[in-house]
Amino acid sequence: MSPTMQLCGVFISVILAVTAPRAIIADCPEADPERHQEGNLHHDLLSCGYNPDYRPVKDHNTPVTVKIRFALKYISFDSLEETVTLHSWVAMSWKDEYLKWTPSDYGGIKEIQVESHEIWTPRMALFNADASLYQSDSIYTTCLVTEEGTVTCVPQMAHSGICRTYLRSWPFDVQNCSLYFGSWMHKGEQINFTFYKTKPVIVDDYQDGPGWKLINTAHERLPGAYGCCPNSTYPMLKYTFTLKREAAGPAAIVVVPSVVIVLITLISLLLDIKDCTRLLLLCFSLYGHFMFLTEIGFDIPKHSSDTPIILLFVRDSMIINLAAILVTLLLMSFRRKVVAAPVWIASFNRLLQSGPARYVVFTEFDPSETTEVKVLTEDNTNEEKTNVNADWIHLANFLNSCVFIIAIIAYFVLVCTYIPRDDY
Ligand SMILES: *[C@@H]1O[C@H](CO)[C@@H](O)[C@H](O)[C@H]1NC(C)=O
Ligand SMILES: *[C@@H]1O[C@H](CO)[C@@H](O)[C@H](O)[C@H]1NC(C)=O
Ligand SMILES: *[C@@H]1O[C@H](CO)[C@@H](O)[C@H](O)[C@H]1NC(C)=O
């Protein structure tokens, strides 16, 4: 080889060295000696060849295990819209195989902070999201990277999910709301979401949302293995929050007054049918029932599949109340009867007064009105009139006692089945 050719070769290689790699070097300038060690480390980790778009593993068969911890801050639940919104700090931690360094090369730096958009971050999707709101599954925060490549990000996030409301025991209802998190497009063999081993859910700084109290949290990892795909799993993290309605207000407005109205109905059945107080009280009680039906109907979601039992209670109680009014009117008409009672009524009364049933008939009506009737109908002999009316009054007494006992039994059954109880 001639020296000219050698020179040529050197020249060409110099040209190549200067031009060809320049395209790459332009994106990755040399470390600036003026920069401090942290800047150099940041530069060496992220400027040259790091791509935040791909999973940070060297072998594509390796899963990235992402550990999740929720520190709950606030939960608001809308029972009308059936949505639950969870505000929390979500700690996420995983291993990035491209973010490793030797601390001695960089003045002993063991951890650095990087912006989440500069590195790969997992996208954690909420599966039962309230789709009417746009919810991004990527995070924007500053993350901490340690020398072994462990990345930890703690973004503040709000997740809105759909939660079916069950109102059977309104206003003492307890709602279970579950939120399901996982990767939307990656399999469990690519991104494996798991819980932190210690304290996967922290409620130390939790504050209750309006009207609802958090009484329990539960978490579960659903392995997501399906028969269709034996080599793939689709794991999900399920968080269940048990919320209890703060019921003091609705209970004061509806439950206790309903019981009062029931007592008014029962007590009025004990009153003498002669004066109008009984009818007045019963009508007032009927009006109260309408009031509470309106009030409860105003408070509860109309589309719920299950009806609050307090609503059924007030409805049935209203029917009893109406029956009591009708019976009262009937008994009043008995009292005013001037025709002689049929023979069977008289013999029925005699049977009643001689048998043990007479202890059941406890309402003793004031006979004063009987006297009035006597005076009014002077053409009959007084003695005869008293007997005529007494039969009707005895029958009325008996029927009234029966109605009272039936009402007591009916209310007992209604209270046992339909009055919601505060179980927690
Ligand atoms: C809510 O979930 C808990 C535990 O999973 C269960 O014990 C409870 O019965 C559930 N409550 C309702 C109202 O579904
Ligand atoms: C994901 O993690 C869970 C528990 O943390 C483990 O049981 C499971 O085998 C892992 N899945 C894969 C594909 O590595
Ligand atoms: C699952 O993996 C096994 C072994 O690696 C393989 O024989 C089988 O064909 C795979 N099944 C599917 C559905 O890919």
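Counting convention: from 1, in listed order, for ligands and their atoms alike. Quick caveat: nothing in here was measured; it's all calculated off a predicted structure.
- At a 3.5 angstrom cut-off on N or O pairs, Glu189 does not count as close to ligand 2.
- Contact of the Phe193 side chain with the Pro235 side chain is not registered, since no non-hydrogen atoms from C-beta on lie closer than 4.5 Å.
- For atom 9 (O) of ligand 2, no protein non-hydrogen atom is found at a distance below 4.0 Å.
- In this structure, atom 5 (O) of ligand 2 has a protein heavy-atom contact shorter than 4.0 Å.
- In this structure, atom 7 (O) of ligand 2 lies nearest to the protein heavy atom Arg221 NH1, 4.7 Å.
- Not one N or O on the side chain of Thr121 forms a donor-acceptor pair closer than 3.5 Å with the backbone of His117.
- Tyr50 places a side-chain N or O within 3.5 Å of a backbone atom of Trp120 that can act as its donor or acceptor partner.
- Ligand 2 places these atoms under 4.0 Å from at least one heavy atom of Thr194: 2 (O), 3 (C), 4 (C), 5 (O).
- Distances from atom 2 (O) of ligand 2 to the heavy atoms of Val64, Thr65, Thr233, Asn192 show the closest one on Asn192.
- For the residue pair Glu115 / Thr142, a side-chain donor-acceptor distance below 3.5 Å is found, with atom types taken as modelled.
- Distance from atom 13 (C) of ligand 2 to its nearest protein heavy atom, with residue and atom name: Gly188 O, 3.5 Å.
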Quick one, Arg278 with Ser268, criterion side-chain hydrogen bond (donor to acceptor under 3.5 Å, both in side chains). Give me CA distance, side-chain angles, the key distance, then yes/no.
CA-CA 5 Å; Arg278 170 164 167 164; Ser268 58; 5.9 Å; no
